[in-house]
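Reviewing the structure listed below.
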Amino acid sequence: MADADVVIIGSGAGGGASAWALARSGMRVLVLEAGPFYDPASDYRLHTAHWEQSLFPDKARRQGRHTFGLMQELEPRWQTLRSWNHLSGQINPSDSRIGWRYHHVRGVGGSTLHFTGEAHRLHPAAMKMKSRFGVAADWPLDYAELEPFYCDAERIVGVAGPPDNPVRVRSEPYPLPAHSLSYASTKIAAGCRALGFQWVANSVASLSMPYDGRPGCNYCANCNRGCPITDKGSVDVTFIRKALASGHCTVKPGCQVTHVEAGPSDHVTQVHYVDDGGHTHAVSGRAVIVACGAVETPRLLLASANRYAPDGLGNESGQVGRHFMETLAWVSSGLHREPVDSFRGLPVDSVCWDFNAPDAIPGVIGGCCFSPATAEADLIGPINYAKRVVAGWGRAHKAEMRRIFGRVLSMKAVGESLPHAKSYIDLHPQERDEFGIPIARIHSYLDEMELRRLSFMAKTTREILLASGVEKIFEEYGTYDFFSATHVFGTCRMGNDPRDSVVDRYGQSHRWRNLFIADASVFPSSGGGEGPSLTIEALAIRTAARIRELADKREL
Amino acid sequence: MLFSRRRFLGFSLGAGLLTGVGLVFKKLFWPTPATTPEFQTLAAYLDTLIPADETPSATQLRITERLVAQAETDSGYQRLITKGCAWLDAQARQQGAAHFAALGEAQRERVINLAASGEAGLLAVMFFDRTRADAFSHYYAHPQSWRALDYAGPPQPQGFMNYTQAPSRRPS
């Protein structure tokens with residue numbers, strides 16, 4: 001007898017949402033998570049004097065490792081896209097892009113544990129990039145088909161958003177009303193409108209009032225350090241909580257899956273893992289969902305090659321690991337001429353969608369969006385002001401700290417990432433983890449189109465900041481000279497044609513009948529800067545529905 | 001993380017120099033007790049970086065002890081601090097003082113300016129850059145330093161429910 005009806009690998013946005021949907025339908029679910037449970041009441045440090053000294057507390061005993069392939073040379077003509085700080089100068093002093101970090105949390109809830117909580121639906125046109133704009137690939141479903149599942153996800157998370165959205169048509173209103181803008185964000189709103197742009201409340205996974213047993217947000221601005229009061233709708237306090245409450249779901253933390261075993265008859269047979277004590281186990285299910293993210297999912301599939309799947313599990317098309325897409329981002333920070341106390345409020349309470357459509361930026365394919373970023377730039381506490389904003393030391397430094405503390409305004413732009421032949425994930429030929437499994441190697445390349453888009457993002461970000469009352473920009477950073485990605489996509493993309501995709505329109509492997517993928521690796525395109533978590537959750541709920549349907553028809 | 005090209009290259013070279021003399025500075029010398037001359041030099045240096053005004057100085061918030069504790073598990077940082085303090089004292093002796101702590105405030109500031117500007121060489125600028133950053137990290141993690149900033153932290157459990165309101169501000 002199978003250990004569970006469905007074994008899910010990973011408990012982030014995709015793993016958590018699919019676990020909830022399957023458990024709700026009465027199926028027995030086993031979730032294997034490499035990291036630990038987090039306790040919001042005790043693991044986060046925002047109530048301590050030392051809160052600013054660290055970011056999100058990574059407490060997984062085994063932190064995943066990855067490496068980078070050779071990064072591109074940086075060109076003088078893109079000098080204005082280099083990262084810099086007015087005190088320390090150019091942050092990357094070399095002439096090559098630096099592979100800095102893939103920001104990924106190992107824990108129950110995955111990267112939603114440290115996310116800022118943006119809860120976006122994808123622009124419908126971004127799902128048709130190939131047929132409409134000749135780039136990337138079309139999604140094998142359209143927005144209308146995904147819309148009901150977006151509603152499901154928003155209801156579970158408790159998304160707060162504004163009423164009108166002519167582009168992203170809604171069949172139901174948001175569960176909660178939008179948050180008010182912080183005082184600091186009203187300055188940005190005024191600047192944006194002065195430039196003729198529209199500035200609206202953002203849709204976010206933070207509660208604007210008590211909901212579903214969780215309190216409303218108290219606007220501490222530190223979503224990225226973990227939410228101790230659970231108003232932020234991370235997967236652990238939403239989907240996983242409800243899945244566990246159903247009685248049909250078991251979550252095993254500290255369990256590192258080493259490989260998924262392909263067997264005869266186009267079925268995967270077992271999932272092999274090592275627990276925190278170092279003991280090996282193998283479990284089976286009627287179905288297996290891989291939900292490790294667009295770096296670790298292809299890694300696991302490639303590392304699961306055996307005689308039945310010699311090129312890697314699900315890699316009959318050679319597409320596993322290809323079409324890697326990443327965060328394309330820019331942040332500018334400056335000092336406002338008046339006190340604004342920008343350390344208060346939701347980190348990303350508002351947004352400009354004017355350039356989000358794939359054809360909205362003149363001369364560029366792929367859109368972007370603009371929003372406040374003071375919290376995400378980590379300029380919301382005295383330590384970072386002292387080190388990054390205020391020059392010098394001594395009495396003058398102290399006096400300046402008193403004068404300008406709270407005046408930083410930061411803006412970010414996040415843009416479309418298009419797939420490129422030079423951007424992919426593979427297995428490092430030599431480096432292994434502690435279990436002897438090859439680690440993932442990230443190859444990333446930004447071509448002319450990406451850099452023209454990034455250039456527009458940087459230029460417009462600066463314009464908005466200066467129109468908002470910022471007197472002088474003192475720091476900027478972007479993803480031209482650093483690979484720094486929170487959002488990654490595309491490496492097991494969905495499609496109707498098994499020759500150029502890994503999974504079908506439901507996330508089911510084209511060949512392996514009981515293998516599914518539920519994370520952003522299935523995205524054929526990234527979107528124009530939308531946060532992907534809500535789309536991952538909607539897709540995962542839909543995948544779960546498909547699994548239930550197949551199980552009822554005894555096809556699993 | 002934040003380096004200028006000059007400081008980035010300097011750090012890479014300087015780290016090698018420090019490794020070469022590392023054998024001399026054994027664990028016996030760390031943590032350095034508060035009565036030692038080196039501790040006194042470090043304290044005077046930190047109090048020049050962060051002097052007392054309407055808020056406490058570095059030593060009044062025991063930042064010296066925190067820095068010493070931070071270096072306890074980092075032998076490279078121990079060597080940097082030890083060599084940096086020795087450099088400070090050497091500068092003081094050039095001005096006729098027994099050690100850095102015996103200099104007046106203006107003299108101490110001139111010495112630190114030498115280090116900060118990079119004129120005094122790699123070791124001094126490495127020492128300055130690293131200790132400045134760490135001193136600020138420790139100092140501004142102390143609630144007594146927040147008073148003058150009108151900062152009502154830490155962020156939890158109260159949050160900032162007045163987030164939509166203009167700050168009721170102290171004068172610029």
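Naming convention: chains lettered A, B, ... in sequence-line order (proteins, then strands); numbering from 1 in each chain. Model, not experiment: these values are computed from the prediction.
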Completion exercise
Max heavy-atom pairs within cutoff under 4.5 Å with chain A, candidates Asp47(B), Thr48(B), Ile50(B), goes to Thr48(B)
Handout entry: Largest heavy-atom contact set with chain A, pairs under 4.5 Å, which of Met161(B), His138(B), Arg132(B)
Key = Arg132(B)
Problem - Region of Ser83(A) that comes under 4.5 Å of a non-hydrogen atom in chain B - result: neither
Problem - Residue Leu181(A) versus chain B: region with a heavy atom under 4.5 Å - result: backbone
Problem - OG-NE2 distance between Ser137(B) and His50(A), expressed to the nearest 0.5 angstrom - result: 11.5 Å
Practice task
Verify whether the ring centers belonging to Phe482(A) and Tyr477(A) lie closer than 6.0 Å.
Solution key: no
Problem - Centroid separation Tyr385(A) to Phe405(A) less than 6.0 Å - result: yes
Practice task
Please determine, by modelled atom types, if Gln70(B) and Asp134(B) share a side-chain donor-acceptor pair under 3.5 angstrom.
Solution key: yes
Chain A heavy atoms under 4.5 Å from [X]: which part of the residue, side chain, backbone, both or neither?
| X | answer |
| --- | --- |
| Thr55(B) | both |
| Asn162(B) | both |
| Ala58(B) | neither |
| Gln158(B) | backbone |

Going by an N to O cut-off under 4.0 Å, is there a salt bridge joining [X] and [Y]?
| X | Y | value |
| --- | --- | --- |
| Arg407(A) | Glu338(A) | no |
| Asp150(B) | Arg403(A) | no |
| Asp231(A) | Arg214(A) | no |

Practice task
May I ask you to name which of Gly394(A), Gly345(A), Ser342(A) has the most heavy-atom pairs under 4.5 Å with chain B?
Solution key: Gly394(A)
Handout entry: Option that, when pairs with chain B are counted at under 4.5 Å, heavy atom only, ranks first among Pro228(A), Ala184(A), Cys217(A), Ser180(A)
Key = Ser180(A)
